[in-house]
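Just below is one structure, and these are the notes that go with it.
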Amino acid sequence: MSLIVQKFGGSSVADKDRIFNVANIATQAFSEGNDVIVVLSAQGDTTDDLLAKAGEINSNPTTREMDMLLSTGEQISISLLAMAIQALGFPVVSLTGWQIGLRTDSNHSAARIKSLTNTRIQEELSNRKIVIVAGFQGINKSYDITTLGRGGSDTTAVALAAQLRADLCQIYTDVDGIYTADPRKIKNAKKLDHISYDEMIELATMGAQVLHNRSIDLAKRYNVNLEVLSSFSRLPGTIVKENDQMEKMLVRGIAKDEDVAVIELIDVKDIPGIAFKVFSLIANKKISVDMILQSTGRNGNRDISFTISKSNVENAVKALDELKPILGFTEVSVNEDVAKISLVGTGMINNAGIAAGMFEALSNSDINIQMISSSEIKISILIDKKNADRAVQAIHDHFFD
Ligand code: ASP
Ligand code: MG
């Protein structure tokens with residue numbers, strides 16, 4: 001007998017038929033003799049609809065009230081699934097975040113899990129019940145409801161699997177697994193049988209929206225066996241696990257991120273300490289910077305460009321204005337019409353030809369590169385947003401056809 005955590009995303013529980021489909025998957029695993037914990041997201045677009053509803057009333061509500069509202073979506077889906085499982089004649093109980101003692105910090109809307117008391121879950125499992133848990137939510141030290149950030153149910157599922165030492169954590173979604181590129185956009189995108197935690201973290205962070213990236217980080221730290229699979233096709237999915245040398249591939253996948261903006265400081269004085277002043281100021285505002293480029297400007301001055309996410313643009317520009325008199329730059333320009341394309345794979349650090357191949361594919365498609373950055377496991381380039389899909393296809397054709 002094994003302990004299995006099964007997580008289902010919003011599209012997998014969107015309506016009555018899909019709820020019964022999930023009930024069938026869970027009760028089948030249960031009938032095979034396993035202990036089963038099901039973690040759910042809110043149905044379909046519920047979370048977005050709740051956000052819109054809030055927006056009609058107050059454009060800037062506190063995140064505490066927002067969490068109070070958003071957490072209700074999961075409470076609806078867990079009770080409905082429990083009713084479906086009861087209708088099929090199986091023993092079941094649904095539990096909210098506070099009922100399973102999922103404690104978080106007080107960072108409403110992006111809370112981090114601190115601890116999890118599993119006594120209630122253990123008790124219900126030992127009474128041979130299927131346990132259904134509301135994903136995405138917890139409570140802080142004052143018993144206020146918190147949420148883990150959009151997509152956070154994946155993280156709830158992995159945290160439970162880690163804490164209860166589950167044999168397997170299945171993340172059911174509407175795609176068959178992890179692909180070499182977005183299968184809805186890129187022709188010939190291939191499903192991967194395996195991917196390493198590190199590669200998956202990079203793909204998720206770089207814009208492949210299959211898993212909440214914090215969930216993969218957690219899975220890696222606790223060595224949770226993860227499988228990403230479809231609740232519709234019920235075919236084997238992609239296993240996310242520690243890197244396995246025999247499977248080593250140079251290039252694993254390509255991701256596109258359009259939540260990027262470039263900030264450019266023009267005519268910065270060429271004196272020691274400029275980079276320090278600019279980037280420590282940005283860091284103090286808790287804005288993370290991704291790619292950085294310093295180039296020679298006019299009159300012996302420098303231009304400094306860097307990328308941040310779009311939501312941070314306003315704060316960054318405001319902060320940088322303070323530096324104008326000190327660093328002498330004339331202009332802070334912002335370009336939001338860009339996209340970052342990343343090629344990810346553990347093997348690429350030892351192979352110089354990979355970067356060349358990526359640039360060749362872009363050059364053959366006449367796509368201009370604005371910035372480049374690389375690490376052990378990925379190469380990212382920044383290009384005009386209008387070329388993004390064409391660039392991914394060209395790079396994909398080069399490496400996977
Ligand atoms: N319902 C939440 C969201 O839409 C959490 C989740 O789906 O994982 O972001
Ligand atoms: Mg999700």
Side-chain angles (χ1 to χ4, degrees), residues 5-15 18-19 21-22 25-26 37-55 61 63-82 94-100 102 104 107-113 116 132-140 145-162 169-175 178 200-201 203-205 207-219 224 226-232 237 240 259 309 311:
V5 176
Q6 301 182 321
K7 182 262 168 180
F8 296 89
S11 57
S12 299
V13 290
D15 57 32
R18 291 183 179 184
I19 288 178
N21 175 52
V22 169
I25 295 173
I37 300 173
V38 179
V39 176
L40 293 189
S41 294
Q43 289 185 280
D45 296 328
T46 303
T47 309
D48 289 326
D49 295 344
L50 290 170
L51 276 164
K53 221 174 229 174
T63 50
R64 182 198 179 275
E65 297 310 328
M66 212 60 198
D67 283 355
M68 185 68 101
L69 178 69
L70 296 189
S71 63
T72 60
E74 274 70 13
Q75 200 166 326
I76 294 172
S77 56
I78 58 170
S79 52
L80 292 176
L81 178 64
S94 66
L95 299 169
T96 61
W98 70 264
Q99 286 176 306
I100 63 164
L102 194 149
T104 71
N107 192 10
H108 285 287
S109 88
R112 296 208 156 240
I113 300 177
L116 193 59
I132 304 176
V133 173
F136 175 58
Q137 56 176 259
I139 46 165
N140 70 7
I145 295 178
T146 55
T147 67
L148 307 181
R150 297 305 305 272
S153 300
D154 295 340
T155 298
T156 305
V158 173
L160 278 168
C169 181
Q170 296 181 311
I171 307 283
Y172 284 90
T173 165
D174 49 10
V175 290
I178 311 296
M200 191 62 236
I201 289 171
L203 282 182
T205 316
Q209 274 147 357
V210 196
L211 284 172
H212 197 221
N213 56 10
R214 275 162 54 195
S215 73
I216 314 158
D217 190 50
L218 201 60
V224 173
L226 267 188
E227 182 181 12
V228 178
L229 68 177
S230 158
S231 62
F232 305 111
V240 189
D259 178 21
S309 78
S311 59

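Given the structure is predicted, the values throughout are model-derived calculations rather than measurements. Every heavy atom of this structure was used, including side-chain atoms; hydrogens, water molecules and symmetry mates were not. Heads up: numbering here begins at 1 and tracks the sequence. Counting starts at 1 for both ligands and their atoms, following the listed order.
Within the 4.0 Å heavy-atom shell around ligand 1 one does not find H212. Contact annotation: G73 has no heavy atom less than 4.0 Å from any atom of ligand 1.
Remark: L229 engages Q170, Y172, E227 in a side-chain contact (heavy atoms from CB on, under 4.5 Å) (not counting sequence neighbours). Residues passing the side-chain contact (heavy atoms from CB on, under 4.5 Å) test with I113, sequence neighbours excluded: L102, L148, T155, A159.
Considering backbone and side-chain atoms alike, G151 places an N or O below 3.5 Å from some N or O of ligand 1. Any N or O atom pair closer than 3.5 Å counts here, and K7 shares no such pair with ligand 1. Note: an N/O pair closer than 3.5 Å links T47 and ligand 1 by distance alone.
Side-chain contact annotation: T104 with T146, donor-acceptor N/O pair under 3.5 Å present.
Nearest-heavy-atom check against atom 3 (C) of ligand 1 across Q43, R150, Q137 picks out R150.
Side-chain atoms of D45 never come within 3.5 Å of backbone atoms of D48 as a donor-acceptor pair (strictly under, hydrogens ignored). Within the 3.5 Å criterion, the main-chain N or O of S309 finds no donor-acceptor partner in the side chain of D259.
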